Protein chains: 2
Amino acid sequence: MTIGVRRPIVKDMPNYGGSLDRVFQALADGTRRAMVERLIRGPVSVSELARPLEMSLPAVMQHIQVLEACGLVRSEKIGRVRTCRIEPDVLRTAEDWLAGQRTSWERRLDRLGDYLLDDPGTPEEGSL
Amino acid sequence: MTIGVRRPIVKDMPNYGGSLDRVFQALADGTRRAMVERLIRGPVSVSELARPLEMSLPAVMQHIQVLEACGLVRSEKIGRVRTCRIEPDVLRTAEDWLAGQRTSWERRLDRLGDYLLDDPGTPEEGSL
DNA sequence: TCATTGGTTAAGGAAGTACTTGACTATAGG
DNA sequence: CCTATAGTCAAGTACTTCCTTAACCAATGA
């Protein structure tokens with residue numbers, strides 16, 4: 001269940017410590033998304049988190065570990081119960097990346113629209 | 001490189017055909033995110049996509065297949081060159097899920113604030 | 001005190017992921 | 001026609017992921 005670190009993907013370009021890798025990877029599992037949805041409504045214990053899920057407790061623990069490893073969740077043990085709470089900032093990181101792509105896309109569409117409307121010159125596709 | 005379909009995660013609850021699984025899984029890889037970032041700027045051929053990446057062409061093809069399998073990218077072959085373009089709607093699907101979580105979180109915080117400010121009654125944590 | 005509840009650890013296995021190399025097909029251009 | 005370019009297919013491999021079972025420990029609470 002560990003998530004490894006890989007070498008840089010694109011030549012001469014940092015990859016933000018692969019944190020987006022870990023966050024998206026964490027969210028790529030329906031069980032973990034269900035946990036996030038539950039945690040968004042408020043902190044809960046491990047067994048509370050586990051109750052609606054059709055799997056063993058250790059499996060649930062491993063999912064929690066993945067969520068904690070990417071900073072999406074924090075937990076604290078008091079007595080014998082471990083209470084998990086969500087860390088919304090990390091969720092935001094992922095949302096920001098997505099939003100960034102969308103706005104780039106939208107700006108590109110705008111430029112493309114302007115070009116089609118009022119300039120009969122011949123700039124290349126790649127420059128748009 | 002195939003992405004399988006699993007059984008329902010939470011009892012008696014549909015999982016939207018696992019499409020979020022596939023999208024987040026696709027985005028969990030830095031190479032594929034780099035491809036998305038490139039594609040957002042405009043359609044490109046496979047080898048164009050491959051150029052900045054330090055891996056073999058077949059590897060690049062496999063990443064493209066993952067992106068196509070979740071609907072994030074479409075491609076069309078004309079002559080001997082395959083041109084890939086992004087499908088922004090699917091990107092939006094992921095963004096929407098994230099945004100939904102954030103707004104749930106924010107609404108919960110509001111309710112919590114109201115409660116702390118003006119009601120000395122005793123509603124339970126879970127009801128907030 | 002002693003069973004129960006809540007959680008944890010360790011080990012193992014089936015399936016999935018991210019590459020590789022090598023061989024191969026199909027255009028495009030001279 | 002012939003070579004280079006662009007892409008594809010198949011197989012193999014190292015590693016990761018998701019889950020299991022079988023112990024096990026540590027706080028409750030009767």
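Model, not experiment: these values are computed from the prediction. The chains referred to below are lettered A, B, ... by the order of the sequence lines, with proteins before strands, and numbering in each begins at 1.
Which of D:dC18, C:dA10, C:dA18 sits closest to the side chain of A:Pro58 comes down to C:dA10. Of the candidate nucleotides C:dG7, D:dC19, C:dA18, D:dC19 has the atom lying nearest to any side-chain atom of A:Thr31. The side chain of B:Gln25 approaches C:dA18 more closely than any other nucleotide in the set C:dA18, D:dC19, D:dG7.
For the pair A:Asp21 CG and D:dC15 C1', the interatomic distance rounds to 15 Å; values are reported in whole Å. Here the C1' atom of nucleotide D:dC19 and the CG atom of A:Asp29 are 11 Å apart, to the nearest Å. Spacing between atom CG of B:Leu57 and atom P of D:dA10 amounts to 17 Å, rounded to whole angstrom units. Taking atom CE of residue B:Met55 and atom C1' of nucleotide D:dA14, one finds them 16 Å apart after rounding to whole Å. Per the geometry, CD belonging to B:Glu54 stands 15 Å off C1' belonging to C:dT20, to the nearest Å. To the nearest angstrom, C1' of C:dC24 lies 14 Å from CE of B:Met61. When rounded to the nearest whole Å, the span between CD of B:Gln65 and C1' of D:dA10 equals 12 Å. Between B:Glu48 atom CD and D:dT5 atom P the separation is 15 Å, expressed in whole Å.
Summarising the geometry of A:Gln25 relative to B:Ala28, their closest heavy-atom pair is N-CB, 3.4 Å, with the distance given to 0.1 Å.
Annotation: proximity of residues 77-86 of chain A to DNA chain C (heavy atom, distance under 4.0 Å) is found for A:Lys77, A:Arg80, A:Val81, A:Arg82, numbered in ascending order. Of all the residues in residues 68-75 of chain A, not one reaches under 4.0 Å from DNA chain D with any non-hydrogen atom.
Using modelled atom types, one side-chain atom of B:Arg33 and one backbone atom of B:Leu27 make a donor-acceptor pair closer than 3.5 Å.
Taking A:Glu68 as the reference, nothing meets the salt bridge (charged side-chain N to carboxylate O under 4.0 Å, His left out) condition, with sequence neighbours excluded. A:Ser56 pairs by the side-chain contact (heavy atoms from CB on, under 4.5 Å) definition with A:Pro58, A:Ala59, not counting sequence neighbours. For A:Glu95, the side chain to side chain donor-acceptor pair (under 3.5 Å) partners two or more places apart in sequence, or in a different chain, are B:Arg102. With sequence neighbours excluded, the residues satisfying side chain to side chain donor-acceptor pair (under 3.5 Å) with A:Trp97 are B:Glu37.
The shortest distance between side-chain heavy atoms of A:Val60 and A:Leu53 falls below 4.5 Å. Residues A:Leu98 and A:Phe24 meet the side-chain proximity criterion, which asks for heavy atoms closer than 4.5 Å.
Under the 4.5 Å side-chain contact rule for hydrophobic residues, B:Val46 and B:Val81 do not share a cluster.
Contact annotation: A:Ser56 side-chain N/O to D:dT20 OP1/OP2 distance is under 4.0 Å.
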Close N/O contacts between protein and nucleotides 13-15 of chain C (under 3.5 Å):
none

Which donor-acceptor pairs under 3.5 Å do side chains of residues 83-90 of chain B form with protein atoms, sequence neighbours excluded?
from    : atom 1 : to      : atom 2 : distance (Å)
B:Glu87 : OE1    : B:Arg74 : NE     : 3.3

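Remark: A:Ile64 CD1 to A:Leu72 CG distance equals 12.5 Å, nearest 0.5 Å. Taking CG from A:Asp29 and CE from A:Met35, the interatomic distance works out to 8.5 Å, rounded to the nearest 0.5 Å.
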